Amino acid sequence: MNKGILLVLSGPSGSGKGTILGEYRKDHPVYFSVSNTTRSPRPGEIDGVHYHFITHEEFEKKIAAGGMLEYASYCGNYYGTPRDKVEEKTAEGINVMLDIETQGAKNVRASCPEAVLCFVVPPSMEVLRHRLSGRGTEDEETINKRLAQAITEIERIDMYDYVVINDDLPDAVRDFAEIVDAAQLAASGRELTPEESAHIKNLKEKSAALKAAVKKEFLL
């Protein structure tokens with residue numbers, strides 16, 4: 001039995017990474033690791049479904065006990081991934097998906113070099129601002145902080161293996177599914193056919209081109 005892959009999905013708040021993952025999970029059996037966080041729930045969020053909402057004290061106890069695969073501080077709150085379930089599911093041959101921030105992704109890469117990192121980004125800063133404003137849950141000051149944080153996150157895009165531009169949702173879900181399939185092939189342990197190797201190479205080259213385009217749009 002092949003070991004499951006650990007796939008990290010990151011992107012700025014408002015990029016739609018959670019929506020892409022939700023759509024993908026409708027047709028694919030994966031384990032979605034629910035992160036712990038110390039921030040308060042947003043309207044409609046359910047404890048244990050969107051996040052495990054815990055106190056700062058509880059989170060820091062988990063850190064001290066070595067119970068977090070990764071964790072990061074973002075906008076004054078902790079976010080992190082419990083270690084036990086991730087290791088259990090991948091050992092069972094089940095793919096594990098993490099929806100985490102770039103700081104956490106960097107920590108996962110350090111502790112799990114075999115993890116596959118995928119970055120999701122909207123086509124432009126204008127689209128990102130529109131999405132954040134459209135939530136209707138945050139004031140202008142908070143939106144501006146999230147936009148500034150988005151720039152910081154996009155500056156780290158080069159550490160990711162793959163990039164998905166979330167302009168049209170069905171296209172983004174399809175691109176993400178293709179990336180997961182390629183990651184499973186690469187981790188299968190068997191000798192790949194020339195066609196399979198070429199497909200993986202093409203996907204990585206496509207992501208390299210997308211990284212350059214994203215940096216030109218958001219960072220220059």
Side-chain angles (χ1 to χ4, degrees), residues 7-26 32 34-46 49-51 53 70-81 97-108 117-179 206-220:
L7 193 139
V8 174
L9 195 61
S10 303
S13 178
S15 64
K17 59 188 184 297
T19 303
I20 290 172
L21 185 53
E23 289 297 309
Y24 176 82
R25 291 173 65 203
K26 290 179 181 179
F32 175 60
V34 179
S35 296
N36 291 171
T37 184
T38 58
R39 76 159 171 79
S40 299
R42 294 177 183 146
E45 287 185 328
I46 301 171
V49 175
H50 299 92
Y51 286 97
F53 296 98
E70 60 76 28
Y71 67 93
S73 178
Y74 177 71
C75 293
N77 285 295
Y78 282 125
Y79 295 79
T81 303
M97 306 286 178
L98 306 183
D99 175 357
I100 58 178
E101 307 300 334
T102 54
Q103 292 180 56
K106 183 178 181 180
N107 293 338
V108 170
L117 275 55
C118 180
F119 195 84
V120 178
V121 65
S124 68
M125 183 64 83
E126 181 181 357
V127 170
L128 181 58
R129 175 178 281 279
H130 177 74
R131 289 178 183 175
L132 293 173
S133 300
R135 286 175 174 176
T137 59
E138 296 165 333
D139 58 25
E140 188 67 18
E141 181 180 359
T142 301
I143 289 172
N144 287 333
K145 286 181 179 179
R146 292 199 178 277
L147 291 172
Q149 182 65 28
I151 296 300
T152 299
E153 292 171 343
I154 291 168
E155 287 173 343
R156 299 169 179 157
I157 197 171
D158 283 333
M159 76 175 179
Y160 287 80
D161 302 297
Y162 297 99
V163 175
V164 172
I165 305 296
N166 185 14
D167 189 5
D168 177 77
L169 180 60
D171 287 347
V173 174
R174 181 204 64 218
D175 290 346
F176 178 66
E178 193 172 31
I179 287 167
K206 177 182 176 181
S207 284
L210 289 175
K211 287 177 187 179
V214 168
K215 288 188 285 187
K216 184 177 180 180
E217 169 65 31
F218 286 87
L219 303 182
L220 297 182

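All values reported here derive from a predicted model rather than from experimental measurement.
- The CG atom of N166 sits 11.5 Å away from atom CZ of F176, with the distance rounded to the nearest 0.5 Å.
- Residues I179 and V163 come closest through the heavy atom pair CD1-O, 4.4 Å.
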**Request:** Decide side chain to side chain contact (heavy atoms under 4.5 Å, CB included) for V121 and E153; before the verdict, give the C-alpha distance in whole Å, the side-chain angles of both, and the deciding distance to 0.1 Å.
**Result:** CA-CA 10 Å; V121 65; E153 292 171 343; over 6 Å; no
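- With a 4.5 Å cut-off on side-chain heavy atoms, E155 and T102 do not count as touching.
- In this structure, the side chains of T37 and Y78 stay at 4.5 Å or more apart for every pair of heavy atoms.
- Here the side chains of Q103 and E70 are not in contact, with every heavy-atom distance at 4.5 Å or above.
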Enumerate donor-acceptor pairs with a distance under 3.5 Å from any side-chain N or O in residues 9-18 to protein atoms, sequence neighbours excluded.
residue : atom : partner : partner atom : Å
S10     : OG   : I100    : O            : 2.8
S10     : OG   : Y160    : OH           : 2.8
S13     : OG   : R135    : NH1          : 3.1
S13     : OG   : R135    : NH2          : 3.1
S15     : OG   : P12     : O            : 2.8
K17     : NZ   : G11     : O            : 3.1

**Asked** Where do E126 and R129 land on the salt bridge (Lys or Arg N to Asp or Glu O under 4.0 Å) test, with the steps shown first?
**Response** CA-CA 5 Å; E126 181 181 357; R129 175 178 281 279; over 6 Å; no
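- Taking both residues in full, the closest heavy atoms of P122 and R131 are given as CB-NH1, 3.5 Å, listed atom of the first, atom of the second, then distance.
- Qualifying side chain to side chain contact (heavy atoms under 4.5 Å, CB included) partners for K145, counting only residues two or more places apart in sequence or in other chains: E141.
- Between atom CG of residue D175 and atom CG of residue D167 there is a gap of 11.0 Å, rounded to the nearest 0.5 Å.
- Atom CZ of F119 is separated from atom CE of M159 by 8.5 Å, given to the nearest 0.5 angstrom.
- Residue D168 holds its CG atom at 8.5 Å from CZ of R174, rounded to the nearest 0.5 Å.
- In this structure, the side chains of V34 and V49 stay at 4.5 Å or more apart for every pair of heavy atoms.
- Counting non-hydrogen atoms of other residues, nucleotides and ligands closer than 6.0 Å to NZ of K106 gives a total of 12 or fewer.
- Counting only heavy atoms from C-beta outward, the side chains of R39 and Y79 approach each other to under 4.5 Å.
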Please list, one pair per line, the donor and acceptor atoms closer than 3.5 Å that link side chains of residues 213-220 to other protein atoms, with sequence neighbours excluded.
residue : atom : partner : partner atom : Å
K215    : NZ   : D158    : OD1          : 3.2
K215    : NZ   : D158    : OD2          : 3.0

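- The CG atom of D161 sits 7.0 Å away from atom NZ of K211, with the distance rounded to the nearest 0.5 Å.
- Note that the SG atom of C118 and the CG atom of L98 stand 12.5 Å from one another [nearest 0.5 Å].
- Among all heavy-atom pairs drawn from E23 and K26, the shortest one is OE2-NZ, 2.8 Å.
- Contact between F32 and M97 at its shortest, heavy atoms only, is CD1-O, 3.5 Å.
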